[in-house]
Amino acid sequence: MEEIRDIKSMRERARALRASGKSIGFIPTMGALHEGHLSLARKSKSENAITIASIFVNPIQFGPREDYASYPVDFPSDFEKLRGASVDLVFVPEAKAMFPSGFQTKVDVENLSKPLCGPFRPGHFRGVATVVLKLLNIAAPDRAYFGEKDYQQLQVVKRMARDLDLSVEIVPCPIVREPDGLAMSSRNRYLSPDERAAAAVLHASLVAGKEAVARGERDPARVCRVVAEKIGEQPLASIEYVAAANPETLQPLKEIGSAVLLALAVRIGKARLIDNFLIRT
Ligand code: AMP
């Protein structure tokens, strides 16, 4: 597996690959890789001649009181996993090179950034959209792969690609879960054994919400109450939000029609965990 750390070299390599007629699939990550990330890599492998992953803990998507300084970094193990998934190239830029002094341009996907995680993470999606646009410009992929675990991020990136006429296909990938249903996440590493056991309640609460919809419940507030009550059974978990939203606009639903995004953010110990179900009625 080739390793590139420098932006100019990455740009030149991508340009040469494209010129030789090779399609490029790209997986942007923040490292601390797990099966969720690797599922994106495998999908890219099946659809492109060359698969490039990036590892970059993006400083501008973290708020001042968030976990940028403590975000898990484990390059040797990440490289091993990427090699195991037969990724062709890993791009590992430095923060100083991505955001040199004087950097001042940000991409704001206005409306999709506002609901759900928006109020709890001001500036987060602006940081995500900005770094993703930079990475797409550098790696020039035909396709870029994003997990539905970060559903709002996926919608923001899709909208940005459409609005700014990017010549990349944004490919959504299903959530990979642990056997007890917990969505895989780099932040699961923050959980103590007790907290890890408690974290199964996120998935269990979404299952309860889905069952309520399957029984015919169409009032979003009542469905959210079912989800919140389930989470409430777990004393280590504290709810940031539970929402029943339109899967495209992410705005709160007044009534559940043909589809609903049940989304939540919950704090357990030091970890802020998110999860969602896209439910079709
Ligand atoms: P991150 O390293 O957390 O920024 O994630 C990099 C990419 O992997 C994003 O597109 C995530 O949505 C995706 N991802 C993270 N966890 C999972 C998961 N459990 N299942 C599927 N995709 C995931």
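When a ligand or atom number is given, it counts from 1 through the structure's own listing order.
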H34 near ligand 1 by a heavy-atom separation under 4.0 Å: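 Yes, H34 has heavy atoms under 4.0 Å from ligand 1.
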Pair D74 + K81, salt bridge at N-O below 4.0 Å: no
Residues E2 and R13 bridged, charged N to O under 4.0 Å: yes
Residue, atom name and distance, where the atom is the protein heavy atom closest to [atom]:
atom                    : answer
atom 7 (C) of ligand 1  : P28 O, 3.7 Å
atom 21 (C) of ligand 1 : P174 O, 3.4 Å
atom 4 (O) of ligand 1  : M30 CG, 3.5 Å
atom 11 (C) of ligand 1 : D150 OD2, 3.1 Å
atom 20 (N) of ligand 1 : V176 N, 2.9 Å
atom 8 (O) of ligand 1  : H37 CD2, 3.4 Å

M184 N/O under 3.5 Å from ligand 1 N/O: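 N/O-N/O distance under 3.5 Å: yes.
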Sub-3.5 Å N/O-N/O distance, G147 and ligand 1: yes
Please identify which atoms of ligand 1 are closer than 4.0 Å to at least one heavy atom of [X].
X    : answer
T29  : 2 (O), 6 (C)
I175 : 20 (N), 21 (C)
L40  : 7 (C), 8 (O), 10 (O), 13 (C), 22 (N)
F146 : 10 (O)

Row check, F125 ring normal vs K114 NZ/CZ: under 6.0 Å, within 45°: no
Pi-cation contact, F277 with K210 (under 6.0 Å, within 45°): yes
Donor on one side chain, acceptor on other, Q61 and Y68, under 3.5 Å: no
D67 side chain to Y190 side chain, donor-acceptor N/O pair below 3.5 angstrom: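 Yes, because at least one side-chain N or O of D67 sits under 3.5 Å from a partner of the opposite role on Y190.
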Proximity of I27 to ligand 1 by residue part, where a heavy atom lies under 4.0 Å: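 None of I27 does.
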N48, V132, I52 screened by side-chain contact (heavy atoms from CB on, under 4.5 Å) with F26, the one that passes: I52
Steps toward side chain to side chain contact (heavy atoms under 4.5 Å, CB included) verdict (L273, L264): CA-CA 8 Å; L273 304 175; L264 51 79; over 6 Å; no
Step-by-step side chain to side chain contact (heavy atoms under 4.5 Å, CB included) determination, L116 to L261: CA-CA 11 Å; L116 306 179; L261 176 76; 4.1 Å; yes
